[in-house]
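Scope of the values below: all heavy atoms of this structure, side chains included, with no hydrogens, waters or symmetry mates. Convention: sequence-line order gives letters A, B, ...; per-chain numbering from 1. The structure presented is a predicted model; accordingly, all values stated were derived computationally and were not measured.
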Amino acid sequence: MTDDAIVRVRGLTTVLNGKTIFDSLDLDIPRGKVTAIMGPSGTGKTTLLKHITGQMRGDAGSVELDGLNVPELSREKLFELRERIGYLFQNSALLTDFDVFENVAFPLRQHTKLPEELIRNIVLNKLQAVGLRGAARLMPTELSGGMARRVALARAIVFDPALILYDEPFVGLDPIALNQVLLLIRTLNETLGITSVLVAHELAAVQKVADHVYLIANGKVVAQGDPATLANDGSPWTAQFFGGEADGPVPFQYPAGDYASALGFPGGKA
Amino acid sequence: MTQRRSYAVGTGLFIVLGFAALAYLATQTTSVANTSRGDTYTIDTRFANVGQLKVRAPVKVAGVRVGSVQAIDLVPGKEEAKVTLAIDESHKDIPEDSVATIYTSGLLGDQYVGIQFGQSKTPVKEGGEIGLTRPAQQLEEMLGKFFGGGSAPDRLGGTFHVTGSFTNIGGLQPGAAVKMAGVPIGSVESVVVKPGAVEATVTLAIDKRYSQIPDDSSAAVFTSGLIGSQYVAIQPGGSPEYLADGDSFVLTQSALQLEDLIGKFLVNGSPSENKPGAQGAATDNAGKK
Amino acid sequence: MSSRNDNVVVRSLAQIGACGLFLLTILAAIPRSFRHGRETVRQIWFVGAMSLTIVMTCGLFVGMVLGLQLYDVLSIFGGTSATGTVVAIAIYRELGPVVTALLFAGRAGTSVTAEIGLMRATDQLDAMEMMAVDPIAYVAAPRFLAGVVALPLLGLVFCAMGVFGGHLVGVTWLGIDNGTFWSNMTATVDIHKDIVNGVLLKSFAFGIVVSLIAVFQGYTTPPTSEGVAYATTRTVVASSIAILALDFVLTSFLI
């Protein structure tokens, strides 16, 4: 499986504001599969995506994408690389100055000198794929959250990237929109062979769409496997996370002093 | 794309407007803008003294503006200023024996040319001349204006020296301008009190181009404006003989205290201190012609 | 960067330093931003042409009030004919560039800060990064350039309106002679000292400062709604102080 990994993370260590986000993290994203990264809030799942795209750099370790070590790339090389990566932002991040059509056309206009006809065909084709061809002339403010996310998805795939990173694609979607997005991710993966990485909390959705799941906690991969077996592998991490327990290896409490002494009771373990 | 083009057009308009404003400011409100615009004809006038008259100053008949001053030059070899007036085409009927006078709007106001109509039936021709003029008044020359002190002329033609004795030179400094008919013709070379004398002896270096100064002319210490620098003004006399190098002025008028000036102005409006000759020259140039 | 414990002086210094470095980043990105020429044109429209109304209105009223006040004071000395001269010089040398820059900071600077701040808060800048579009070259540099181009033009328009306002009050209403008004002005106003050094040079310097502050504040704002609100406030405060302080420095060099 390591042979056809598109992303290979080795010994990644990142400390932000004195807090250790990743502690020698090792992780592989298999090519042509849908990989889900799960974990409690604040474990740095989005941060991991930013390491893959080179927006952030770790303090130690390597992140290889297609054989290139991302943290060492120059800005130009990084920009070249990013043209082959789609990234779906949690809040869609559509450019508010432009309408839907121009948002999807934006990367094409910036990086190519394609004739207007061709741009139009490509953009309408991508909008059709997400079911929003009719909304081409709406402004981003006129879209619902689900529609905006689908437009952002159309924009992310406009260059037919080899890899798409989804940052929390299911948050705030109604069940219909959620199902559509799930279907889209699956379709893109199966028909175009696009490798997908998604960061998500929704276990049910992940189980439907993902081939492989990583569970991250305390800066390390604590469990991995295909979603069906992972949920029942019996480890305390998966039991706690999927069962939603407050007690377990993942601390629910933010690190704090002794509760009794904080309340002023004598006899605390000050 | 049409949306983008409209931005480009609007931005273009904005930039054009900005440059139009620049062109307007530069050509209409600065010293670049001293040419008068069409539909006018010119009349020449000669004044013994133009005071602080400026190019583009108004020309008025009965207080109504009929044109503006187009150019002010010194008549070569004479103590006269030639003032070219641009009069609107609509006022073609100015009698040829009219009198042009330099007036001041108020005590410190700006000067303008006023024309009083004569009796003649023939109007003055285009490019013609009004022969009868009255120069800027003495008082105005003393009080001066807010702007513009005197500046010494260049000395390309060399200089000759004349001296004058003053009982009081006020704040006159070596280097101060010497003016005749309001035009700088030289500078003050030295200010000394000779041993045993009570008067200050002022040596003036005057440009040789202006050598034709009548020997009965008077010299006076004046101030440019209320708070301006002091200069020496020469009032031409009527004698056929000219001052030569080393001569001295017979008639001098010392610097006046501001209080004196204003007092005189309020009482009789015509200052005259030991210079009877200058009185006649200043009052009516028109009469002599 | 500064920590929360630093005092005001250290924090201000850190801000000024960061702002200076940001200027270098923008300047370095300007050649790349020429690819986005259309975006620069669009920004000149937004910061320049859209500020015309306020600049023209204010210029007119400043000129009118100057005309009125000067006429009142100068009439004490019988020197009302100097009204035009003093209006023109006061506007060209000081009021034109300074008031235009202050208006520009309030009208265009704040909107640039808010716009970039919101783009930051809604991840639009990160999205551009991810689409391999450099946000400094695409967002920051065009807005900076637009401000530098637009402010001198606005300053000129302000001055023209100011002189017009002074003329309106002085000549049309209070009866100063039209020729006197202009002849005094043209005799005293100098194209080099008053228009080039006064209006153009000062406006250009203010354009750099105001645009830099506006873009910098937007670009470095914390990505929250309070962050954006504070950033717009800081744009106005910092720009105003910078304009007036720089005005003093420039004047002492130019006069």
Can you establish whether the number of heavy atoms outside A/R133 located under 6.0 Å from its atom CZ is more than 12?
no
Around C/R35, counting heavy atoms of other residues, nucleotides and ligands shown, do more than 12 lie under 6.0 Å from its CZ?
no
Distance in Å, C/D123 CG paired with A/L94 CG, rounded so as to fall on 0.5 Å steps
11.0 Å
Considering only heavy atoms, which portion of A/L81 lies under 4.5 Å from any heavy atom of chain C: side chain, backbone, both, or neither?
neither
From the list A/R109, A/R82, A/H111, side-chain contact (heavy atoms from CB on, under 4.5 Å) partner of C/V133 resolves to A/H111
Part of A/F159 within contact of chain C (heavy atom distance under 4.5 Å):
neither
A/R186, CZ atom: more than 12 neighbouring heavy atoms under 6.0 Å:
yes
For a 4.5 angstrom cut-off between non-hydrogen side-chain atoms, does C/E115 reach A/T96?
no
Is the shortest heavy-atom distance from the side chain of A/T53 to the side chain of C/E129 under 4.5 Å?
no
Measuring only between side-chain heavy atoms, which start at C-beta, is C/T122 closer than 4.5 Å to A/F89?
no
In short, A/N91 meets C/A121 closest at the heavy-atom pair ND2-O, 4.0 Å
Heavy-atom count check: over 12 atoms from other residues, nucleotides or ligands less than 6.0 Å from A/F79 CZ?
yes
Which residue out of A/E80, A/R75, A/Q90, A/K50 racks up the most heavy-atom pairs below 4.5 Å with chain C?
A/R75
Point-to-point distance, once rounded to the nearest 0.5 Å, from CD of C/Q124 to CZ of A/F98:
10.0 Å
What part of A/Q110 gets within 4.5 angstrom of chain C, counting heavy atoms only: side chain, backbone, both, or neither?
both
Test item: A/E83 side-chain N/O and C/A132 main-chain N/O as donor-acceptor pair under 3.5 Å
no
Spatial distance of atom CG (A/D167) from atom CE (C/M130) [nearest 0.5 Å]
11.0 Å
